[in-house]
Amino acid sequence: MESWEIVGGARLVGEVRLTGAKNSVLKLMAAALLAPGRTVLTEVPDILDVDIMGQLLTRLGAQVVHDRPARAVAIDVPDQLDHRADYDLVRRMRASISVLGPLLARCGEADIALPGGDNIGSRGLDMHIAGLERMGAQVSVQHGYLQAVARQLRGSTIWLDFPSVGATESLLMAAVTAEGRTVIDNAAREPEIVDIANMMVQMGAQISGIGTSTLTVEGVDVLQPVHHVTVSDRIVAGTWAVAAAITQGEITVINAFAEHLEIALDKLATAGAHVDVHADSFTVSMDTRPKSVDIVTLPYPGFPTDLQPQFIALNAISLGASLVTENLFEARFRFVHELARLGADVQTEGHHALVRGQPGLSGAPVEATDIRAGAGLVLAGLVADGVTTIHEVHHIDRGYAGMVEDLQRLGATIERVRHSD
Ligand code: EPU
C-alpha cells in the first residue's frame, strides 16, 4: 500500500519526456495476436496495465517479454491460440476486451469475461456486439462471459451510434482478415485509433480513411508481425501542460505532438498560459493566476474526457467561474467530492459541473478514485497550502509511469509513503 504526500506551493520548471500512450499500447498488444511470429512494440510505458495485458496474452498462448530499460515489449504469437479471457484478468483491466476482435479473427471464436462497470461509469459493449453480428458473428452472453463465434467473418457496412473508441478498435481488428470489404461509419478517430490502424497497415492490412470517421477495410488472408513505435501519450502530455499552468511554472514536454491536443492547449492559452509548439515537443508557461475556462468533453478531436478532472482542478483555483460538461462518462464527476476536501467549490448537476474558482486550496487527505481523478487531485495538491496525502495511488500508477519522480525533478515536494496495511 502506498500513498503520496505533497507539500503544495512549488513552481514546476523543467522538462519531461513522454513514452507511448496507455490507451494505444494495450490495443497494439492485442493486435499482435493477429499475426503469428514476433511483434515488437517500443516506447512502451512501464505501467501495471501493460503487465496485465502481458499476462492475458500469455494465458492465450503467446510469450511476452517486457524489457523495461529498453521500453520494449516482444510478443511471440503461436499458430494456435486459446480463445478464452478469464474473469480474474478481465476484472483487473477493462481494456482486456480488446482481444475480442483478434481472437474472433484468429480462432473463429472468443469467450471473454464481461468487464462490468468501473468507477467512471457503466460502459456498454452493445456497439461491439452489433458490429460483430453484422459481420456474421453469433454473440451471446452466458454465465458472465461474452461468447462470440464466426467461422468466417464477412465484411459489412457498420454505422456506429456513437464514435466509440473500443467498438471502433474491436471492429477494425475483426475486419482486417474478414472476407471482403468492411466500412465502419461514424468511427472514432483518436490518435490511438490512427496508431493501431497504422500498425495493422504495416502488418499487411488494407485500411483507408485512417484518421477520418469512415474507415474502409479490404480483408486480407494473412498478416505479418512487425516492429512498431507506440504513439506518445497525449493525455499525459496534457496533464503536464496543466501542471505548468496551475503551478505558474514552465514545463517542456518532449516527444509530444501538440496537434493531438489542440483544444486543450487552446484552453490553456485562454486561461492565460503561453504555449510554444515545436516539432516534437511543446512548452507551457504561466506567470499569472489562471482565468477559468469552460469545457465540454467530446470524442476526438473534441476536448478529451481524460483531461476533464485535471481542468476542473485548474478551474478550482482560477479567477471566475466555469461550466464543465462531461458527455462521455456519467460518473466522472465523483471525484469532485475529494477535490472539495481541499476547499474546491464545485457543484454538479447531471453532466454539468459549475466550478467557482477559489483564491487558494488547503491540503488534506484525499482518495484517487480512478487514473484521471487521481491526476486531478495531484495537480490540486501541488497548489494547496500544506500537506495533501493522496490515497489509492495505484489508480494513478496505471496511467502515469514514474509520475512522482518526474514531479520531483520538476521541483515539486512529493514523496511516496509506504504503509504496511
Ligand atoms: N459505449 C456504449 N456502448 C459501446 C461502447 C461504448 O454505450 O458498445 C459508451 C460507453 O459506456 C461510454 C462511451 O460510449 O459512455 C465512450 O466509450 P468508448 O468506447 O469511446 O471508450 P472506451 O473504449 O471504453 C477509451 C479509453 C478511455 C477514454 C475513452 C474515451 C482505453 C483503454 N480507454 O475507453 O480511457 O476515456 O476511450 O476517449 O482506451 C482512461 O485512460 O482514463 C480512460 C478511461
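What you are looking at is a predicted structure, and each value in this text was computed from that prediction instead of being measured. Counting starts at 1 for both ligands and their atoms, in listed order.
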Inter-residue atom distance F311.CZ - F303.CZ, 0.5 Å rounding | 4.0 Å

Measure the CZ-CD1 distance between R91 and I52 for me, rounded to the nearest 0.5 Å.
-> 10.5 Å

Report, in ascending order of atom number, the atoms of ligand 1 lying under 4.0 Å from any heavy atom of [X].
X    : value
F162 : 13 (C), 14 (O), 16 (C)
H128 : 8 (O)
K22  : 40 (C), 41 (O)

At under 4.0 Å between heavy atoms, which part of [X] makes contact with ligand 1: side chain, backbone, both or neither?
X    : answer
E169 : neither
D126 : both
Y300 : neither
D306 : side chain

Option whose closest heavy atom lies nearest to atom 33 (N) of ligand 1, chosen from I193, L328, N23 | N23

In terms of side-chain geometry, is the basic nitrogen of E367 or R341 positioned less than 4.0 Å from the acidic oxygen of its partner?
-> no

Here the salt bridge (charged side-chain N to carboxylate O under 4.0 Å, His left out) pairs for residues 233-261, sequence neighbours left out, are E192-R234

Show the atom names and distances, to 0.1 Å, of all donor-acceptor pairs under 3.5 Å that link a side chain in residues 100-112 to residues at least two apart or in another chain.
residue : atom : partner : partner atom : Å
R106    : NH1  : L33     : O            : 2.8
R106    : NH2  : P78     : O            : 3.2
R106    : NH2  : D79     : O            : 2.6

